[in-house]
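Comments concern the structure below.
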Amino acid sequence: MASTIPRSIHAQSSEGSVDYSLLVQEGRVHGSLYTSEAVFHEEMDKIFQGGWTFVAHESEVPNPGDYVTRRVGTQSIIVLRDKDGDYLAFYNRCPHRGATICSSRSGRQARLTCPYHGWTFALDGRLIGVPYPAAYPQTFERATLGLRSVARCQSYGGFIFVSLGAEDRSLDDHLGNAKSLIDDLLALSPLGRIRLTGGWMKHRIRSNWKILFENQIDGYHVHVVHGSLLASNKTFTSGRDRTFASPTRVRDFGDGHVDIDHGSDYRAIDKPLLWMGRHSTHSYQEYVGAMTASYGESEARRRLVNGPPHSMLFPNLSLAEMNIIFIEPVGPGESIAYTTPVLLEGAEELNQRTLRRCEGALGPAGFLIADDAEIAELTQRGLNNMQPEWIELTRGIDQEEVREDGSRIAGLMDETGQRGFWRHYRNVMAAPRVARP
Amino acid sequence: MIKPVPEAPGSDSVIVAVEQFLYLEARLQDEHRYPEWEALWVTGEARYWVPMSDDGDPKTQISYINDNRERLASRIRQLSTGRRHAQTPKSRTRRLISNIEVERNGSELHVSSNFILVESRRGSTNLWGGRTLHRLIDQSSELRIREKTVLLVNNEDSIPNLAFLI
């Protein structure tokens, strides 16, 4: 295997193409994938605009006319609930002369009106109002001038995903084995539902989106990056074993979906609610009672021991224990991380604590994530240096257990999750471009 | 260091005492004198709050910072380890405080002020600004902070790391 690759293959522009099967190898990845403009644009096209991405949660748009605007790749998308209670997603662009329809992050509207000439659209996207219509010719067809829907918009467990591409893969296929991770999160609610209504922290981080993805499922950095927190706040840290010998497993579910299964640690200790903090003085009697009433004593206990998932769903959604994070790529060296607490329906006692834990640990001032952001930025700056060309991802590569369904299991500090991400990345990026209308 | 608070409400001398207190607090923050800044706070119940919007409700919403007294102490302990990566190196900051308004409310002074803060770190410069609301108490003739709320002008937009003391 050649140890270097000519600089000429880095960041090839549209006339050439980047050979992803060369740049992504088992156990090493080429540094230019984090820094190249051309790679970034191809990722937006093939991953974020060509496949399924998380866009919003049903609880953010509970009533007809509620909407949020979100970026999907380079595209601004309006996600709204229509009169029938369905979720629809439209490109945020007036079919008349192209103005942005919704300039707010969220709101509620009976209909959508363009701020430029006042064209008005029903919640299902139909054009229903054109000021002074008499001057339009006979050929003017209202029916073709509604808001443009994205190719597909579907939800699983309350999480709304869109696909702007015409790929054949269903959301069910895309989520694959990772559906069980969403199920595990919902399983902690006595009603089987969560809501994401605690507000989104918006954290601007000068690093590539893939660095944030890889860090979310990295069990190897904690003692170094979070040493200051471990040293200064005993009550904040949960009861998990962070040593090399930890029973915690990292898992690669396939399709780029990966997790750190802290449940394997909690199950070994066999104590409920360790995920809410070992030293917590809260006993959450109401919550435990509601779980027991819903699921019976032994099943409720199983769920309360197991706790929430700590995972990344390809390409942008993190089920980060009692938080949800999604990553918005801005450019090769810039991203925004959106963070909100997971509020469990039917568990208001616990939710109050979850709000406070989320804001303490996460976001730009958080005891944990501010330090992760700093390291992500330092990694981006490091990768701008040309040598050495490759990043090393072989940790634990010989100790992976490969299951029958193709999933791989390894130790807490192994880079199995990162390798799982890159394996799927290579498959998606090496495929030919999908033609879109 | 901290001047006694004169009794007459709204008098020039009260305003001068409050101004001097805010300038002292600003300097301790800018110079990362963590224990001295913490000593400006009451020892009992307190709140250091940076919401994500000017009308954020902490009962239902998260905030960028929402420290009670215990968490504030924890924040200072973490910074004081010298190993908080997000402040290694420390941000170089200087802040200007202006538009100070003082109201006496029972035993408390309610102080609002505007600030502009320039942060320099690792080759880039960030400009921060906003309105700060202090609830101060007069404790043994010295001012102490019971509550500090910082309404960033960009609190509804995305913000970079905010690991220094705002």
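In the text below, chain A, chain B and the rest are named by the order of the sequence lines, each starting its count at 1.
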Region of B:Ile159 in contact with chain A, defined by heavy-atom distances below 4.5 Å: both
Can you check whether B:His85 and A:His226 have ring centres sitting under 6.0 Å from each other? no
Under the criterion side-chain hydrogen bond (donor to acceptor under 3.5 Å, both in side chains), which of B:Glu36, B:Arg95, B:Arg94 is the partner of B:Gln29? B:Arg95
So what's closer than 4.5 Å to chain A heavy atoms on B:Thr60: side chain, backbone, both or neither? backbone
May I ask you to test the B:Arg146-B:Glu108 pair for a side-chain heavy-atom distance under 4.5 Å? yes
Can you tell which part of B:Thr88 gets under 4.5 Å to a heavy atom of chain A, answering side chain, backbone, both or neither? backbone
Check: A:Asn233 main-chain N/O paired with B:Arg77 side-chain donor or acceptor under 3.5 Å: no
Options A:Met201, A:Glu377, A:Gln352, ranked by heavy-atom pairs under 4.5 Å with chain B, top entry: A:Met201
Can you tell which of B:Lys59, B:Met52, B:Arg122 has the highest number of heavy-atom pairs within less than 4.5 Å of chain A? B:Arg122
Mind telling me whether A:Tyr287 and A:Trp275 have parallel, tilted or perpendicular rings, with 30° and 60° as the class edges? perpendicular
Heavy-atom pair count under 4.5 Å with chain B, highest-scoring of A:Pro364, A:Ala365, A:Gly227: A:Pro364
Under 4.5 Å from any heavy atom of chain B - which part of A:Thr354: neither
Leading residue by heavy atom contact count with chain B [cutoff under 4.5 Å; candidates A:Val225, A:Ile205, A:Leu378]: A:Val225
Which atoms of A:Ile336 approach chain B - backbone, side chain, both or neither, heavy atom under 4.5 Å: side chain
Check A:Arg204, A:Lys202, A:His203 against B:Ser158 for a side-chain hydrogen bond (donor to acceptor under 3.5 Å, both in side chains) and give me the one that passes. A:Arg204
Under 3.5 Å donor-acceptor, A:Ser335 side chain and A:Trp209 backbone: yes
Between A:Pro341, A:Ala370, A:Gly366, A:Ala231, which shows the greatest number of heavy-atom pairs under 4.5 Å with chain B? A:Ala370
Check whether B:Asp157 gets within reach of chain A through its side chain, its backbone, both or neither, counting any heavy atom under 4.5 Å. both
Any donor-acceptor pair under 3.5 Å linking the side-chain atoms of B:Glu119 with those of B:Ser91? yes
